[in-house]
Amino acid sequence: FPIVVVPMALLTLGVSYFLGFLGVFVRDVAYSMAMVMRIVFYLSPVFYPISIVPDRVRPWLWLHPIARIVEDSRQ
């Protein structure tokens, strides 16, 4: 499990630093990220396994950066 959590923590840290840097110059980042994070959360396979997704949609779901981490932590 730590092998799965460490890349997720690094990804989260990198995205947080980038958004923090961007938020200094563009004040609307905080407001728009609330909406974007809801969309990203519901598109990630947290509530459902990838095996129930139709075959034609599954390759697009694997492009989501959290999908691999969630599926690996389930195993």
Side-chain angles (χ1 to χ4, degrees):
F1 189 68
I3 295 173
V4 175
V5 172
V6 170
M8 182 179 63
L10 292 174
L11 176 70
T12 304
L13 185 67
V15 170
S16 299
Y17 280 160
F18 175 74
L19 290 175
F21 171 75
L22 191 62
V24 171
F25 297 106
V26 182
R27 296 290 180 188
D28 293 335
V29 171
Y31 301 113
S32 63
M33 283 312 298
M35 182 179 62
V36 169
M37 288 306 296
R38 285 185 184 146
I39 293 169
V40 167
F41 181 72
Y42 286 115
L43 288 178
S44 64
V46 174
F47 297 118
Y48 54 89
I50 290 184
S51 60
I52 67 169
V53 175
D55 290 334
R56 59 184 165 83
V57 179
R58 198 172 299 160
W60 291 101
L61 188 61
W62 282 116
L63 294 176
H64 194 291
I66 303 296
R68 177 76 61 190
I69 295 170
V70 169
E71 286 298 315
D72 286 345
S73 61
R74 281 189 182 145
Q75 292 177 357

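Just so you know, these numbers come straight off a predicted model, no measurement behind them.
When the side chain to side chain contact (heavy atoms under 4.5 Å, CB included) test is applied to Trp62, the partners found at least two apart in sequence or on another chain are Ile50, Arg58, Ala67, Arg68, Glu71.
The number of heavy-atom neighbours closer than 6.0 Å to CG of Leu63, taken from other residues, nucleotides and ligands shown, is above 12.
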Could you list the donor-acceptor pairs under 3.5 angstrom formed by side chains in residues 24-42, with sequence neighbours left out?
residue: Ser32; atom: OG; partner: Asp28; partner atom: O; Å: 3.2
residue: Ser32; atom: OG; partner: Val29; partner atom: O; Å: 3.2

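Linking Ile, Leu, Val, Met, Phe, Trp and Tyr whenever their side-chain heavy atoms come within less than 4.5 Å puts Phe18 and Ile66 in one cluster. Val57 and Tyr48 fall within the same hydrophobic cluster, defined by Ile, Leu, Val, Met, Phe, Trp and Tyr side-chain heavy atoms under 4.5 Å apart, directly or through other members. Under the 4.5 Å side-chain heavy-atom criterion for Ile, Leu, Val, Met, Phe, Trp and Tyr, Leu13 and Met8 are members of distinct hydrophobic clusters. Phe47 and Leu61 fall within the same hydrophobic cluster, where Ile, Leu, Val, Met, Phe, Trp and Tyr residues are linked whenever their side-chain heavy atoms come under 4.5 Å apart, directly or through other members.
Within the 4.5 Å cutoff, side-chain heavy atoms of Pro65 are placed close to those of Leu11.
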